[in-house]
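Take a look at the structure set out below.
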Amino acid sequence: MTTVIHRHKTAISRTGLSRPFRLAFEYGLISEEQTVFDYGCGRGDDLTHLLEMGIQTEGWDPSFRPDSSKYPSDIVNIGYVVNVIEDPEEREVALKSAWSLTNKLLIVSGRLK
């Protein structure tokens with residue numbers, strides 16, 4: 001039996017940076033000199049917070065920003081995306097697509113059950 005995940009319902013609203021972005025800042029991996037792309041940005045709250053911090057950022061999401069372009073960037077985040085893609089082949093395509101946009105650092109994170 002295949003579990004159906006309603007992907008658009010997994011995007012939550014945030015009042016601060018998501019954990020992957022927060023940790024990247026704490027470890028000095030992101031600075032104002034770098035560009036950031038959020039692959040699967042959901043509602044875009046991380047984009048808003050990053051822009052407020054002076055970080056040049058863009059994002060794409062198949063449900064909330066399907067018409068946005070995907071931009072090569074120094075840092076690409078694909079956070080909490082792979083865990084909601086049921087199909088392994090589609091998951092692989094998403095990871096490879098995010099990697100193809102990455103100039104310096106790819107941040108991958110997922111939530112487990």
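One finds the OG atom of Ser109 at 9.0 Å from the CZ atom of Phe21 (value rounded to the nearest 0.5 Å). Annotation: the span from Lys96 atom NZ to Glu92 atom CD amounts to 4.0 Å, rounded to 0.5 Å. Here the CG-CG distance, from Asn77 to Asp46, works out to 7.0 Å after rounding to the nearest 0.5 Å. Going from atom CG of Leu106 over to atom CG of Leu95 covers 7.5 Å, rounded to the nearest 0.5 Å. Separating the CD1 atom in Ile30 from the CD1 atom in Ile75 is a distance of 4.5 Å, to the nearest 0.5 Å. Distance check: Thr57 OG1 to Leu51 CG gives 6.0 Å after rounding to the nearest 0.5 Å.
For the pair Tyr80 and Ser18, the tightest heavy-atom approach, listed with the atom from each and the gap, is CE1-CB, 4.5 Å. Contact detail for Arg65 and Gly44: the closest heavy-atom pair is NH2-CA, 4.2 Å.
The backbone N or O of Gly59 sits nowhere less than 3.5 Å from a side-chain atom of Asp38 that would complete a donor-acceptor pair. The main-chain N or O of Ser97 is found under 3.5 Å from a side-chain atom of Ser100 such that the two form a donor-acceptor pair. In this structure, Arg91 contributes its side chain and Ile85 its backbone to a donor-acceptor pair below 3.5 Å. Gln34 places a side-chain N or O within 3.5 Å of a backbone atom of Ser31 that can act as its donor or acceptor partner.
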Inset, instruction - Report the C-alpha separation of Leu101 and Tyr71 in whole Å, then their side-chain angles, then the decisive distance to 0.1 Å, and conclude whether the side-chain contact (heavy atoms from CB on, under 4.5 Å) test is met. - result: CA-CA 6 Å; Leu101 299 171; Tyr71 294 96; over 6 Å; no

Inset, instruction - Kindly indicate, with the supporting measurements, whether the criterion side-chain contact (heavy atoms from CB on, under 4.5 Å) is fulfilled by Leu17 and Met53. - result: CA-CA 11 Å; Leu17 285 174; Met53 299 168 75; 3.8 Å; yes

Inset, instruction - Any chance you could lay out the side-chain contact (heavy atoms from CB on, under 4.5 Å) test for His49 and Ile55, step after step, and finish with the verdict? - result: CA-CA 9 Å; His49 297 303; Ile55 305 297; over 6 Å; no

Inset, instruction - Would you please test Trp60 and Phe37 for side-chain contact (heavy atoms from CB on, under 4.5 Å) and show each step? - result: CA-CA 8 Å; Trp60 171 85; Phe37 186 80; 3.5 Å; yes

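Linking ILVMFWY residues whenever their side-chain heavy atoms come closer than 4.5 Å, directly or via other members, places Ile107 and Leu50 in the same cluster.
Environment of CD in Gln56: sparse, with no more than 12 heavy atoms of neighbouring residues, nucleotides or ligands closer than 6.0 Å.
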